[in-house]
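So the structure is just underneath, and the comments pick up after that.
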2 protein chains.
Amino acid sequence: MNEHVIPLDAEAHAVERPEDHHDDLRLWLRLLTCTTLIEGEIRRRLRDSFDVTLPRFDLMAQLDKAPDGLTLSELSKRMMVSNGNVTGLVERLVESGHLVRETSKTDRRAQVIRLTPLGRAEFRAMAEEHEGWIAEMFCELTPREREDLMRLLAKTKMSTRRAIEGARP
Amino acid sequence: MNEHVIPLDAEAHAVERPEDHHDDLRLWLRLLTCTTLIEGEIRRRLRDSFDVTLPRFDLMAQLDKAPDGLTLSELSKRMMVSNGNVTGLVERLVESGHLVRETSKTDRRAQVIRLTPLGRAEFRAMAEEHEGWIAEMFCELTPREREDLMRLLAKTKMSTRRAIEGARP
DNA sequence: TCTGGATATTTTAAGTTTAAAATAACTCGA
DNA sequence: TCGAGTTATTTTAAACTTAAAATATCCAGA
């Protein structure tokens with residue numbers, strides 16, 4: 001008897017006390033763990049296989065997608081890091097012969113950054129390996145699951161952007 | 001005419017050339033973007049509201065969950081950062097009166113780290129706000145979507161762990 | 001007991017990262 | 001043209017982060 005009685009706190013997942021956001025916190029921690037795990041492994045493999053750091057790889061990836069080059073501001077916006085950070089990264093990559101910088105013809109404040117042929121060649125070689133590594137990380141997800149995850153992350157991104165917008169308009 | 005002809009590369013999503021992992025790469029970049037967005041905003045709010053850095057908050061969060069304290073190794077494993085990193089963070093948090101460290105009674109190599117009453121009080125105050133901020137970021141997702149995302153991230157985590165295990169046993 | 005290997009932590013050097021202040025150049029309206 | 005406000009970049013100081021080497025301690029077996 002009584003096996004059909006619905007307890008007051010049935011469906012624990014749906015219980016919502018005011019201000020009870022533990023599940024969201026767990027969701028965030030899991031998101032963070034996934035990213036940290038993948039990022040750490042990619043960092044390790046880039047170092048072991050190509051002796052390059054992840055920030056440098058990321059910066060070159062942005063430039064590879066922009067054949068006409070990018071300004072430092074544009075780079076820092078796309079990489080979501082500070083301006084000063086990009087200044088230092090570019091400095092070291094110019095030093096090592098992977099990038100060139102020239103003053104914009106239309107705006108003397110702006111520097112246009114480009115990959116050198118060496119930089120592009122090295123990046124392309126790394127990128128091919130890198131893409132395989134990433135596929136490896138997701139290999140246990142079905143195509144359907146990957147689509148779902150993509151969609152849910154897109155929604156999370158939009159939700160977060162609006163939360164940020166709302167807080168600092 | 002011909003509008004019903006199915007082109008050779010119909011259903012772009014299903015087209016799978018050998019070694020074509022662009023979708024996985026996009027999935028990874030989206031995951032990274034979400035994490036970076038949220039992390040950046042949390043960092044900003046912690047600074048503005050409590051004048052604390054994110055790494056310090058994260059470290060205190062680990063200790064708050066472990067009433068008996070943790071060793072530096074245990075901390076670095078849980079935070080997924082290097083040992084040396086934790087050494088420095090703990091040093092500064094002891095300096096500011098938020099942590100205490102004592103040598104383990106059973107292993108003279110190990111330091112047990114604990115929150116001080118001050119550290120715990122300050123952390124609890126921050127954590128309450130923090131939880132609300134996180135909920136804000138996810139607020140446009142339905143409960144069902146949050147569950148799905150949680151599940152998919154769990155699967156991603158497992159998939160990644162095995163990829164890492166497989167590469168360096 | 002002694003010793004080799006494992007574990008816990010610290011140190012070191014180099015690089016990354018941020019926030020904030022400083023510098024320089026642009027824009028646009030009075 | 002002048003000047004206020006904006007934008008692009010650099011500089012600065014402090015903190016964070018990693019990988020690798022160095023120390024110190026533990027542990028298990030000969």
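Since this is a predicted model, take the numbers as computed values, not measurements. Letters A, B, ... are given to chains in the order of the sequence lines, protein chains preceding strands, and every chain is numbered from 1.
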Pick base, sugar-phosphate or nothing for [X], based on heavy-atom distances below 4.0 Å to the nucleic acid.
| X | result |
| --- | --- |
| B/D107 | sugar-phosphate |
| B/S82 | base |
| B/R56 | sugar-phosphate |
| B/T71 | sugar-phosphate |

| remark: Taking for A/N83 and for B/G88 the nucleotide of DNA chain D with the nearest heavy atom, the one nearer the 5' end belongs to A/N83

| request: Tell me which of A/Q111 and A/R47 sits closer to the 5' end of DNA chain D, going by the nucleotide each one is nearest to. | output: A/Q111

| message | With a 3.5 Å distance limit and no angle check, can you tell me whether B/E145 reaches the backbone of B/T142 through a side-chain donor-acceptor pair? | response | yes

| query | Can a donor-acceptor pair under 3.5 Å be found between the side-chain atoms of A/R109 and the base atoms of D/dT7? | reply | yes

| Can the ring centres of A/F123 and A/F57 be said to be less than 6.0 Å apart? | yes

| field | Residue from A/R120, A/K65, A/M126 passing side chain to side chain contact (heavy atoms under 4.5 Å, CB included) with A/M60 | value | A/M126

| field | Among D/dA20, C/dT18, D/dT10, the one nearest B/R43 by side-chain distance | value | C/dT18

| task | Between D/dA19, D/dC16, C/dA8, spot the one nearest the side chain of B/R92, thanks. | result | D/dC16

| task | Using whole Å, report how far CG of B/D51 lies from P of C/dT18. | result | 18 Å

| 5' precedence on DNA chain C between B/S73 and A/M79 (nearest-nucleotide basis) | B/S73

